[in-house]
Amino acid sequence: MKNHEKEGSIVATLNETPLGERVHIGFFGRRNAGKSSLVNAVTGQAMAVVSETAGTTTDPVEKTMELLPIGPVLIIDTPGTDDVGALGEKRVARAREVLDRTDIAVLVVDGAVGLTADDRRLLALFEEKQVPYLVVMNKCDVGSARMPADSIAVSARTGEGIEAFKKRLAAFGTAERRPKVLVGDLVMSGDIAVLVIPIDSSAPKGRLILPQQMVIRDLLDAGATALCAQPGQLAGVLADLKAPPKLVITDSQVFKAVAKLVPEAVPLTSFSILMARYKGFLALAVAGAAAIKTLKDGDRVLIAEGCTHHRQCEDIGTVKLPRWLEAYTGARLVFETVSGKGFPEDLTRYALAVHCGGCMLGERAVVSRMRQAAAQRVPVTNYGVAIAQMNGVLARSLAILPSLQQRAAE
């Protein structure tokens, strides 16, 4: 491969919007309400199979696209929630699982039938899970059912109302999005931040992991300078600086070694902690980390990852974290690991749940998991916070966030 081709592929990777950073829009409703037809009309392509036979969509179908002014989105077409039989129950379960990672729900109602009991159950579920939603009455060209207040009339078959729906959806999505911060608010223009990035056997070949990419971009957007170094280079980088850096951000796995090199007066945190703050669950993760001290022989610990990857001999989730947890607690623990979109509904058998940074999951998906654990009174934390806790640097790593630092010190 020529150098410019390789560089181009890296730039493309850095510029692509990850799934976890896209607004997730889920289309829900009864079988044959026209969900797939509406999704095809919105995306402008045959994303989902359309048939007169009810239940054609058997699994969620996903499509990435740009929907202005929201920006990058993930459109999800789900199976009908009124499906029957054993297979139908599985399809309904898959649709409900999608709701846990949905930022905006679209209820598609058959305009020829009107709002049914199944539709009302879905609306109640949206309310229960606090998912913002829009109601769309499809088949307006043939239907005459009474429309719920604030609903939108469309015809996926003729295209009537589709553009108006897309504009309403885009405006709705923009209004619902909360401002999110990663690190840009912690520095000022002209500041220097040192990033400690190990390049070892567990580092992805030819690229940086997503939180590292995002932190670099956020620092540059804030007008700050990002200096990147491997752990063995850190002492030299700090010595060469005319003044101490504004902030040092490290990979969690080398937290202990880095903490020894960085002067106490220099703020220190990790990519994982910043990502937990960005995703909106840092407070829960800090509170849950206190439970690590109470683990005892036989306790069951869930380790959850939002993505799937090839595991190596020193994999953090299945090897390093279990080893560190047992060394820290002195207890023989039982570990269970899940990855990807799978996450247990019943967490009560676990004494602790430790989640990854959630960089490949949407905010609602990872926060939903955290809240699920909290609702079942199961302590939950994440990799970076847990590692900081076990290395005795959690309070220090939160010094840039005083309210959370106080909680970690208690």
Side-chain angles (χ1 to χ4, degrees), residues 13 16-26 59-65 70-76 78 93-105 129-132 173 176-178 180-182 204 207-215 217-218 252 270-286 288 302-311 315-318 321 336-345 347 350 353-375 378 380-386:
T13 299
E16 290 174 355
T17 303
L19 291 182
E21 293 304 298
R22 292 177 177 271
V23 176
H24 288 44
I25 304 175
D59 287 294
V61 180
E62 302 179 355
K63 172 65 179 178
T64 58
M65 65 176 292
I70 299 178
V73 301
L74 178 70
I75 302 290
I76 312 173
T78 67
R94 292 296 300 275
R96 291 175 182 269
E97 179 269 325
V98 168
L99 188 59
D100 285 333
R101 52 190 177 94
T102 295
D103 298 303
I104 304 170
K129 292 184 175 290
Q130 300 179 17
V131 180
E176 290 293 334
R177 299 188 73 180
R178 73 169 180 84
K180 298 171 67 175
V181 291
L182 186 56
R207 61 184 177 87
L208 301 177
I209 62 174
L210 183 58
Q212 295 163 357
Q213 295 178 31
M214 292 174 64
V215 165
R217 179 54 194 259
D218 208 31
S252 298
S270 74
F271 294 103
S272 186
I273 286 174
L274 290 176
M275 183 59 69
R277 173 181 181 243
Y278 179 76
K279 293 290 185 179
F281 66 87
L282 182 55
L284 274 175
V286 170
L302 175 68
I303 297 181
E305 296 183 334
C307 62
T308 56
H309 60 271
H310 172 67
R311 300 193 183 279
D315 179 70
I316 184 171
T318 57
L321 270 173
E336 293 183 15
T337 305
V338 296
S339 58
K341 297 174 183 176
F343 193 73
E345 290 187 9
L347 300 171
Y350 301 109
V354 186
H355 205 287
C356 70
C359 60
M360 298 306 293
L361 293 174
E363 177 183 329
R364 183 170 289 276
V366 68
V367 170
S368 175
R369 293 180 176 190
M370 292 287 178
R371 289 176 176 170
Q372 177 184 335
V378 177
V380 60
T381 187
N382 85 326
Y383 285 13
V385 174

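- The line from CG of Asp218 to CD of Gln213 is 13.0 Å long, rounded to the nearest 0.5 Å.
- Closest approach of Pro60 and Val98 over heavy atoms only: CG-CG2, 3.6 Å.
- The side chain to side chain contact (heavy atoms under 4.5 Å, CB included) test applied to Val367 returns Phe281, Glu363, Arg371, not counting sequence neighbours.
- Considering only residues two or more places apart in sequence or on other chains, Thr381 meets the side-chain hydrogen bond (donor to acceptor under 3.5 Å, both in side chains) condition with none of them.
- Judged as a salt bridge (Lys or Arg N to Asp or Glu O under 4.0 Å), and not counting sequence neighbours, the contacts of Asp100 are Lys129.
- Scored by the side chain to side chain contact (heavy atoms under 4.5 Å, CB included) test, Val73 finds Val23, Ile25, Met65, Leu67, Ile70, Ile75 as partners (sequence neighbours excluded).
- Side-chain contact between Met275 and Tyr383: absent, with no pair of heavy atoms (C-beta onward) separated by less than 4.5 Å.
- In this view, Arg101 and Glu62, Glu97 satisfy the salt bridge (Lys or Arg N to Asp or Glu O under 4.0 Å) rule, not counting sequence neighbours.
- Annotation: side chain of Leu361 is in contact with side chain of Arg369 (closest heavy-atom distance under 4.5 Å).
- Looking at heavy atoms from C-beta onward, Val385 lies in side-chain contact with Leu282 at the 4.5 angstrom threshold.
- With hydrogens and angles ignored, the 3.5 Å screen pairs no side-chain donor or acceptor of Glu305 with any backbone N or O of Cys356.
- Ala374 approaches Leu284 most closely through the heavy-atom pair CB-CD2, 4.2 Å.
- His24 NE2 to Thr102 OG1: the interatomic distance, rounded to the nearest 0.5 Å, is 8.0 Å.
- When all heavy atoms of Leu347 and Ala373 are compared, the closest pair comes out as CD1-CA, 3.6 Å.
- For the pair Met370 and Lys279, the minimum side-chain heavy-atom distance is 4.5 Å or more.
- Using a 4.5 Å heavy-atom cutoff, the side chains of Leu182 and Val215 are in contact.
- Residues satisfying the side chain to side chain contact (heavy atoms under 4.5 Å, CB included) test with Ala304, not counting sequence neighbours, are Val338, Phe343, His355.
- Listed here is the closest heavy atom pair of Ser252 and Ser272: OG-CB, 3.6 Å.
- Looking at Cys359 and Phe271, their side chains never come closer than 4.5 Å, going by heavy atoms from C-beta outward.
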